[in-house]
Number of protein chains: 2
Amino acid sequence: MARTVAERADILPLLGEVFREHGYEGASLAHITARTGLGKGSLYHFFPGGKEEMAAAVLAEIDGWFEVNVYAPLRADGDPAAAVRDMLARTDAYFRSGRRVCLVGVFALGEVRDRFGAAVASYFARWRDALAAALTRAGFPSAQADDRAEEAVLAIQGALVLARALDDPAVFGRALERLGQRLLDGL
Amino acid sequence: MARTVAERADILPLLGEVFREHGYEGASLAHITARTGLGKGSLYHFFPGGKEEMAAAVLAEIDGWFEVNVYAPLRADGDPAAAVRDMLARTDAYFRSGRRVCLVGVFALGEVRDRFGAAVASYFARWRDALAAALTRAGFPSAQADDRAEEAVLAIQGALVLARALDDPAVFGRALERLGQRLLDGL
DNA sequence: TCAATAATGTACCAATTGGTACAGATAGCG
DNA sequence: CGCTATCTGTACCAATTGGTACATTATTGA
């Protein structure tokens, strides 16, 4: 029988797309096999735990990507203003300028939040805290940094919801624009 | 056989809860019969169109509630500042101070958006436009009013996502607080 | 080359899905 | 009372759900 895929890691992005589009419950094995091109045999070989393990692996991969590309740079020494601008640019790229939905946000709203609650909470809490750390380094008092960071993380999620609801990705761009102007305002 | 319910309208709030908690796909007939206490017979008597008709009816009911209690007051003559404060109070009450999720937002993120796209888009567009109208009456230039209105609607949705993700309803209260302070700032 | 391991397709499973059909039961009304 | 329209439970349906079992095929390292 034909060998299809080399690495388990190769199919995580495909899996991510399926969960993003259909949510956890809606992502049926039929959808998954269709999108990944893998039969049940391969799927359950790579993920013996079934759908739950697939979703957990996808969450972990996303978490890792954000840790490396978004959170860590925010915490690192160096110009905090540049770090914030960088974060916005990477966020815009990741979410395809508002055309892509946030898997973690989708999971947060669904009943699956109970199953992956820790991963979901950690993703957002670390984003918020890393941003707050950058703002603190930039010179804001701790309370103000926390407040602005929470507002920014929340605005990104809201912008993704609204962009998709209105079918207008530009909403997302405008939200990031506002954050770029206001996050570091009043230093 | 026992008569259970008098009005079709009486079960819409129950249906709304089920869709809110499980999403469209996740809201199985089993969940629905359990929550409403109605058997399939009654359900399909009230909603011959099945789940789709149930979801549409719930969306219409929510839409109507917001039209009367939120959008119309924003558009009406009278003190725009008071209207905005009123909107925030009603929003806080409706979403149970962040403990309740927005059904329309949930639908917007899911694949059901394609099915109910018009209703979903209209809900958010009318909210944004009604708020922009109030801000314009308050004296803001049109462009600024539009920008602030979009930001506010988006912040409300984002706050609901973040509140649920972090399992911390207080996030929602803080977001509304910020909106109250900033929406009318700089007149 | 050849065994061991990794990968894969297929057939199968019980449970659940949304939905239909319909025979009863109930309620309101004259 | 009795008639009619409304309501409701039950049995049933084909399709799909997530998951298992297993024989077969590739690949790899010795």
Side-chain angles (χ1 to χ4, degrees), chain A residues 1-61 103 106-107 110-116, chain B residues 1-59 103 106-107 110-116:
Chain A
M1 293 162 188
R3 227 2 137 48
T4 306
V5 102
E7 298 282 342
R8 181 185 125 131
D10 292 346
I11 59 179
L12 286 181
L14 281 316
L15 279 177
E17 281 183 49
V18 182
F19 284 120
R20 232 183 282 272
E21 287 176 20
H22 303 95
Y24 182 77
E25 336 279 341
S28 67
L29 270 304
H31 283 135
I32 294 174
T33 56
R35 179 66 63 95
T36 61
L38 289 164
K40 286 188 179 186
S42 308
L43 244 17
Y44 277 82
H45 172 73
F46 288 121
F47 306 95
K51 263 180 79 173
E52 178 145 6
E53 187 175 345
M54 298 180 207
V58 169
L59 276 178
E61 201 220 12
L103 212 211
V106 171
F107 276 23
E111 51 182 344
V112 261
R113 190 211 44 175
D114 304 326
R115 214 187 300 224
F116 302 109
Chain B
M1 295 164 186
R3 219 17 130 42
T4 307
V5 104
E7 299 282 341
R8 181 185 123 130
D10 292 345
I11 58 178
L12 285 181
L14 281 316
L15 280 177
E17 281 182 51
V18 182
F19 284 120
R20 233 182 283 269
E21 287 176 21
H22 303 95
Y24 182 78
E25 335 280 342
S28 68
L29 269 306
H31 283 134
I32 294 173
T33 56
R35 179 67 63 95
T36 60
L38 288 164
K40 286 189 180 185
S42 307
L43 243 18
Y44 276 82
H45 172 73
F46 288 120
F47 306 95
K51 260 179 80 173
E52 177 146 6
E53 187 174 344
M54 298 180 208
V58 168
L59 275 178
L103 211 211
V106 171
F107 276 21
E111 51 184 344
V112 261
R113 192 211 42 174
D114 304 324
R115 213 187 300 227
F116 302 110

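A note on names: the letters A, B, ... follow the listed sequences, proteins ahead of strands, and every chain is numbered from 1. From a predicted model like this one, the values you see are computed outputs, not experimental measurements. Because only heavy atoms are used, hydrogens play no part in the values below, and waters and symmetry mates are left out as well, while side chains stay in.
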Task: Verdict with supporting geometry, Leu38(B) and Thr33(B), side-chain contact (heavy atoms from CB on, under 4.5 Å) - done: CA-CA 5 Å; Leu38(B) 288 164; Thr33(B) 56; over 6 Å; no
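Remark: Ala27(B), Ser28(B), Leu29(B), Ala30(B) in residues 17-33 of chain B come within less than 4.0 Å of DNA chain C through at least one heavy atom.
Residues forming a ring-ring contact (aromatic ring centres under 6.0 Å, His included) with His31(B) (at least two apart in sequence, or on another chain): His22(B). Residues satisfying the salt bridge (Lys or Arg N to Asp or Glu O under 4.0 Å) test with Glu52(B), not counting sequence neighbours, are Arg115(B). Partners of Arg113(A) under the side chain to side chain contact (heavy atoms under 4.5 Å, CB included) rule, at least two apart in sequence or in another chain, are Arg164(B), Asp167(B). Looking at residues two or more places apart in sequence or on another chain, you find no salt bridge (Lys or Arg N to Asp or Glu O under 4.0 Å) involving Glu61(A). Scanning for side chain to side chain contact (heavy atoms under 4.5 Å, CB included) contacts around Arg35(B) gives Leu14(B), Glu17(B), Val18(B), Glu21(B), with sequence neighbours left out.
Residue Leu15(B) contributes atom CG, which lies 13 Å from atom P of dG18(C) at whole-angstrom precision. One interatomic measurement links the two molecules: NZ of Lys40(A) to P of dG9(C), which rounds to 13 Å at whole-angstrom precision. Note: CZ (Phe47(A)) to P (dG18(D)) measures 15 Å, nearest angstrom. Look at NZ on Lys51(B): it is 7 Å from P on dG19(C), rounded to the nearest Å.
Of the two residues contacting DNA chain D, namely Gly39(B) and Tyr44(A), the nearest-nucleotide position lying further toward the 5' end is that of Gly39(B).
Of the side-chain N and O atoms in His45(B), one or more sit less than 4.0 angstrom from OP1 or OP2 of dC7(D).
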